[in-house]
Student: 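I'd like to ask some things about the structure below.
On a predicted model such as this, the values are computed, not experimentally measured, just so you know.
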Amino acid sequence: MDSDSTCTVFADTPEETKRLAETLATCLHPGDVVVLTGDLGAGKTSFVQGIAQGLGLKDHVTSPTFNILVTYENDVTSLHHFDLYRLEDEEELDDIGYYEVLEDGGVSCVEWAEKFPECLPDDYLHLTFTICPDDTRKISAVSEGDRSDMLLDAWREEL
């Protein structure tokens, strides 16, 4: 089935996508980075909404396509939600403080990071969202680094 560094789950509805994300949120630590790739409408933002709920954030999470970055905070944690879809050049990452935000200790979720693969941190959990023919969502997780290996193991146990 899955190797130690991979995991595949399926979601039949946006609500189920959010529940899977809430489960992942219980495993996240400050500084963790989750990269989300996949076609438009595949469930990336729904997943980030579930992470926010699982972290206890009360804000309404939407896709930050026009803002590029939205940060949600409470007294316990922060969630940085990037959407790099509109960026054309890797230098624009400096303009939005991408590298500083990734290092500030909050949880970061980065949509459309595949546009700048050389700018990803050394350690992150990569989630690929695929729309299946029956309209379910396939979410394939791959850990990229020691911390994300532990994160994926913890998530797998919670599932």
Side-chain angles (χ1 to χ4, degrees), residues 1-87 98 101-102 106-117 120-121 123-145 147-159:
M1 186 179 147
D2 294 328
S3 74
D4 289 343
S5 63
T6 66
C7 179
T8 302
V9 294
F10 292 87
D12 293 328
T13 64
E15 292 74 23
E16 192 171 345
T17 299
K18 290 176 188 176
R19 280 193 300 277
L20 289 166
E22 285 181 53
T23 303
L24 176 62
T26 66
C27 308
L28 290 168
H29 292 179
D32 284 341
V33 176
V34 179
V35 170
L36 305 101
T37 61
D39 292 333
L40 286 169
K44 298 180 299 293
T45 299
S46 291
F47 199 88
V48 176
Q49 290 169 341
I51 287 176
Q53 290 171 347
L55 292 174
L57 299 166
K58 302 298 182 201
D59 298 296
H60 178 67
V61 174
T62 60
S63 179
T65 301
F66 293 100
N67 297 333
I68 312 299
L69 167 65
V70 177
T71 297
Y72 305 96
E73 298 178 291
N74 62 20
D75 293 338
V76 179
T77 192
S78 60
L79 171 64
H80 307 294
H81 185 192
F82 291 92
D83 185 328
L84 306 183
Y85 182 75
R86 293 181 48 141
L87 298 184
Y98 172 80
V101 171
L102 288 182
V107 171
S108 295
C109 291
V110 186
E111 294 188 44
W112 299 98
E114 68 270 24
K115 292 182 73 172
F116 309 105
L120 291 171
D123 198 319
Y124 60 93
L125 183 63
H126 184 180
L127 304 178
T128 302
F129 292 74
T130 306
I131 303 171
C132 299
D134 64 357
D135 211 32
T136 60
R137 298 319 194 246
K138 175 182 174 184
I139 305 167
S140 303
V142 177
S143 59
E144 301 288 348
R147 168 61 196 140
S148 62
D149 282 344
M150 291 186 290
L151 175 57
L152 186 56
D153 287 344
W155 188 35
R156 201 184 279 117
E157 287 179 25
E158 293 298 316
L159 294 172

Student: Please identify each residue that fulfils side-chain contact (heavy atoms from CB on, under 4.5 Å) with D123, with sequence neighbours left out.
Tutor: D146, R147, S148
Student: Nearest 0.5 angstrom please: C27 SG to D32 CG, how far?
Tutor: 9.5 Å
Student: Not counting sequence neighbours, which residues clear ring-ring contact (aromatic ring centres under 6.0 Å, His included) with W112? List them please.
Tutor: Y85
Student: Hey, does V48 have a side-chain heavy atom less than 4.5 Å from the side chain of L79?
Tutor: yes
Student: Would you say R19's side chain and G50's backbone share a donor-acceptor pair under 3.5 angstrom?
Tutor: no
Student: Quick one: list whatever passes salt bridge (Lys or Arg N to Asp or Glu O under 4.0 Å) with D75, sequence neighbours left out.
Tutor: none
Student: Considering only heavy atoms from C-beta outward, does the side chain of L151 approach that of L24 to under 4.5 Å?
Tutor: yes
Student: Check side-chain contact (heavy atoms from CB on, under 4.5 Å) between T37 and all other residues, then give those that pass, not counting sequence neighbours.
Tutor: V35, E114, H126, T128
Student: Say whether, by atom type as modelled, one donor and one acceptor occur between the side chain of R137 and the main chain of A42 under 3.5 angstrom.
Tutor: yes
Student: What are the two closest heavy atoms between L69 and H80, and how far apart are they?
Tutor: CD1-CB, 4.0 Å
Student: With a 4.5 Å limit on heavy-atom distance, are the side chains of W155 and V9 in contact?
Tutor: yes
Student: Between F82 and Y98, how do the two ring planes meet: parallel, tilted or perpendicular, split at 30° and 60°?
Tutor: perpendicular
Student: Side chain of K138, backbone of C132: donor and acceptor closer than 3.5 Å?
Tutor: no
Student: Given the rule in the side chain to side chain contact (heavy atoms under 4.5 Å, CB included) test, do L20 and L159 qualify, once you have shown the distances and angles that lead to the verdict?
Tutor: CA-CA 8 Å; L20 289 166; L159 294 172; 3.6 Å; yes
Student: For the residue pair H81 and V61, what are the closest heavy atoms and their distance?
Tutor: ND1-CG1, 3.8 Å
Student: Compare every heavy atom of E73 with every heavy atom of T71, then report the nearest pair and how far apart it is.
Tutor: CG2-CG, 3.8 Å
Student: For K115, I'd like to know if atom NZ has over 12 heavy atoms of other residues, nucleotides or ligands within 6.0 Å.
Tutor: yes
Student: Under the ring-ring contact (aromatic ring centres under 6.0 Å, His included) test, which residues partner F129, sequence neighbours left out?
Tutor: F47
Student: What donor-acceptor contacts under 3.5 angstrom involve side-chain atoms of residues 52-60, with partners at least two apart or in another chain?
Tutor:
none

Student: Could you measure the distance from the NZ atom of K44 to the CG atom of D39? Nearest 0.5 Å is fine.
Tutor: 7.0 Å
Student: Locate the shortest heavy-atom distance separating E111 from T45; write the atom from each residue and the value.
Tutor: OE2-OG1, 3.0 Å
Student: Between V110 and L36, is there a side-chain heavy-atom distance shorter than 4.5 Å?
Tutor: no
Student: Which atom names give the shortest non-hydrogen contact between T17 and G43, and what distance separates them?
Tutor: CG2-O, 3.8 Å
Student: Give the minimum heavy-atom separation between K18 and S46, together with the two atoms involved.
Tutor: CG-O, 3.2 Å
